[in-house]
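This report refers to the structure that appears directly beneath it.
No experiment lies behind these values; they were computed from the predicted model shown. One is the number of the first residue; the rest follow in order along the sequence. As the structure lists them, so they are numbered: ligands from 1, and atoms in each ligand from 1.
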Amino acid sequence: MLVNATRMLKEAHEGHYAVGHFNINNLEWTKAILLTAQELNSPVILGVSEGAGKYMGGFKVVVAMVKALDECLGITVPVALHLDHGTEAGVRACIEAGFTSVMFDGSALPFEENLKKTAELVKLAHDKGLSFEAEIGSIGGTEDGVTGQGEVADPEQAAAMIKTGIDFLAAGIGNIHGIYPANWTGLHFDALAKIDEVTGDVPLVLHGGTGIPDEMIKKAISGGMSKINVNTECQLVFAEATIEYCKAGKADPTAENKAKGYDPRKLLKPGFEAIKAKVKEKMELFGSVGKAD
Ligand code: 13P
């Protein structure tokens with residue numbers, strides 16, 4: 001059931017659990033995440049970066065695919081289709097295309113400009129019934145070619161940003177996209193406490209969910225993080241499972257390969273199953289299992 005993410009995140013914030021945001025890249029990814037959410041009776045957010053949207057053929061293709069899979073697979077749990085780290089043009093295009101939720105990432109702009117643009121776009125999104133995420137304090141690492149330094153967000157900026165009417169706020173607390181470097185010093189929980197104090201009942205978003213130790217994730221959730229974004233971990237398990245399958249010779253294009261393991265439906269299956277297992281593990285960790293009612 002396609003919905004915006006406002007209610008599911010409000011409930012998560014009140015109930016002290018988090019909803020997983022999992023980035024999608026293609027049909028296998030989307031199907032794996034939707035089926036796992038349904039099996040676990042969990043709400044879920046499908047994240048689409050602008051690069052992934054382009055890869056899949058455009059935002060309209062993504063909307064058509066997600067809507068059709070949602071219907072044909074009989075998905076009844078709440079599913080939000082969310083633009084991840086959108087530019088202004090991306091936000092406008094996704095509102096038009098039929099997304100149910102958008103993120104405007106103005107964290108690279110001077111703060112006053114980020115605030116002004118966010119206020120303008122939030123109104124546009126709300127007029128069409130979409131939920132809205134904004135960002136302060138850039139997330140470290142590189143995603144879709146955009147590199148952030150991993151700043152820790154300023155509570156004063158958080159307080160100003162929520163006045164724009166946003167539904168949830170991505171606030172950097174030392175989190176980084178991609179694989180964490182060996183010298184990473186961990187999440188800044190003191191900063192999270194200060195941000196949570198001023199943002200009140202507005203759910204917070206933790207980007208860079210890959211590789212954060214489970215205990216830190218749990219502490220972040222009890223500190224107000226209600227949406228946790230995971231991308232790289234699904235990519236890694238998909239790649240590992242596919243490589244293992246190929247190394248075992250199962251995809252060999254020979255006449256002797258009677259199982260015809262090079263058939264894409266067989267070739268992509270181990271990766272599909274690996275994503276399902278990873279999403280299940282995360283939903284259990286985040287505490288969203290059984291929360292779809
Ligand atoms: P990871 O790739 O580090 O899991 O981060 C995902 C993310 O934050 C998407 O916005």
Side-chain angles (χ1 to χ4, degrees), residues 5 9 18-26 29-30 32-33 36 44-56 62 80-87 90-91 94 99 101-108 131-153 166-182 184-187 192 203-214 216-217 220-221 225-240 271 274-275 277-283 285-286 288:
L9 291 180
V19 177
H21 153 137
F22 301 97
N23 287 74
I24 59 170
N25 293 288
N26 60 16
W29 239 262
T30 312
I33 298 163
T36 309
V44 73
I45 297 169
L46 302 177
V48 181
S49 68
E50 293 195 5
K54 198 169 165 196
Y55 172 80
M56 286 185 268
V62 179
L81 177 57
H82 178 76
L83 172 66
D84 193 22
H85 294 285
T87 58
V91 167
C94 285
F99 274 55
S101 186
V102 284
M103 172 188 190
F104 170 61
D105 181 357
S107 62
S131 49
F132 199 97
E133 175 179 346
E135 177 170 329
I136 52 163
S138 72
I139 312 298
T142 302
E143 189 175 72
D144 251 9
V146 179
T147 302
Q149 296 305 314
E151 295 164 16
V152 173
I166 56 163
D167 301 290
F168 30 102
L169 177 67
I173 55 164
N175 36 323
I176 300 174
H177 285 132
I179 297 168
Y180 282 82
W184 182 57
T185 52
L187 297 175
L192 176 58
L204 299 173
V205 182
L206 182 66
H207 283 250
T210 292
I212 298 178
D214 289 1
M216 270 193 216
I217 290 280
I221 294 172
M225 292 292 190
S226 312
K227 171 177 181 277
I228 301 182
N229 291 16
V230 178
N231 183 18
T232 306
E233 261 184 88
C234 288
Q235 296 182 347
L236 291 173
V237 294
F238 182 87
E240 276 162 21
I275 294 173
K278 182 53 74 182
V279 170
K280 179 172 189 277
E281 176 194 313
K282 295 296 175 191
M283 286 178 166
L285 173 65
F286 299 164
S288 68

Numbering the atoms of ligand 1 from 1, which are under 4.0 Å from a heavy atom of G178? 1 (P), 2 (O), 3 (O)
Quick one, M216 and D214 - any side-chain contact, counting heavy atoms below 4.5 Å? no
Residue portion contacting ligand 1 (non-hydrogen atoms closer than 4.0 Å) for N229: both
So do L204 and L192 actually touch side chain to side chain, heavy atoms under 4.5 Å? yes
For ligand 1, is G47 a contact, meaning one of its heavy atoms is under 4.0 Å away? no
Against heavy atoms of T232, which atoms of ligand 1 measure under 4.0 Å? 1 (P), 2 (O), 3 (O), 4 (O)
Which ligand 1 atoms are under 4.0 Å away from a heavy-atom of T210? 1 (P), 2 (O), 3 (O), 4 (O)
Quick one: are C94 and V62 in side-chain contact, heavy atoms under 4.5 Å? no
Student check: side-chain heavy atoms of L206 and F286 closer than 4.5 Å: no
Which of the numbered atoms in ligand 1 are below 4.0 angstrom from a heavy atom of N231? 1 (P), 2 (O), 4 (O), 6 (C)
Atoms in ligand 1 with a heavy atom of H207 nearer than 4.0 Å: 8 (O), 10 (O)
Quick check: do F168 and S226 have side-chain heavy atoms less than 4.5 Å from each other? no
Contact check: V230 vs ligand 1, nitrogen or oxygen atoms, below 3.5 angstrom: no
Using a 4.0 Å heavy-atom threshold (strictly under), name the region of H85 that reaches ligand 1: side chain, backbone, both or neither. side chain
Check: V205 and H21 side chains under 4.5 Å, non-hydrogen atoms: no
Under a plain distance cut-off of 3.5 Å, with no hydrogens placed, do E133 and H207 share a side-chain donor-acceptor pair? yes
Check each atom of ligand 1 against the heavy atoms of H177 and keep those under 4.0 Å away; list them by number with element. 3 (O), 5 (O), 6 (C), 7 (C), 8 (O), 9 (C), 10 (O)
Looking only at heavy atoms, the pair that brings F132 and I166 closest together is CD2-CG2, 3.6 Å
Going by heavy-atom distance to atom 8 (O) of ligand 1, choose the closest among G209, G208, A170. G208
Which atoms from ligand 1 have a heavy atom of N23 less than 4.0 Å away? 9 (C)
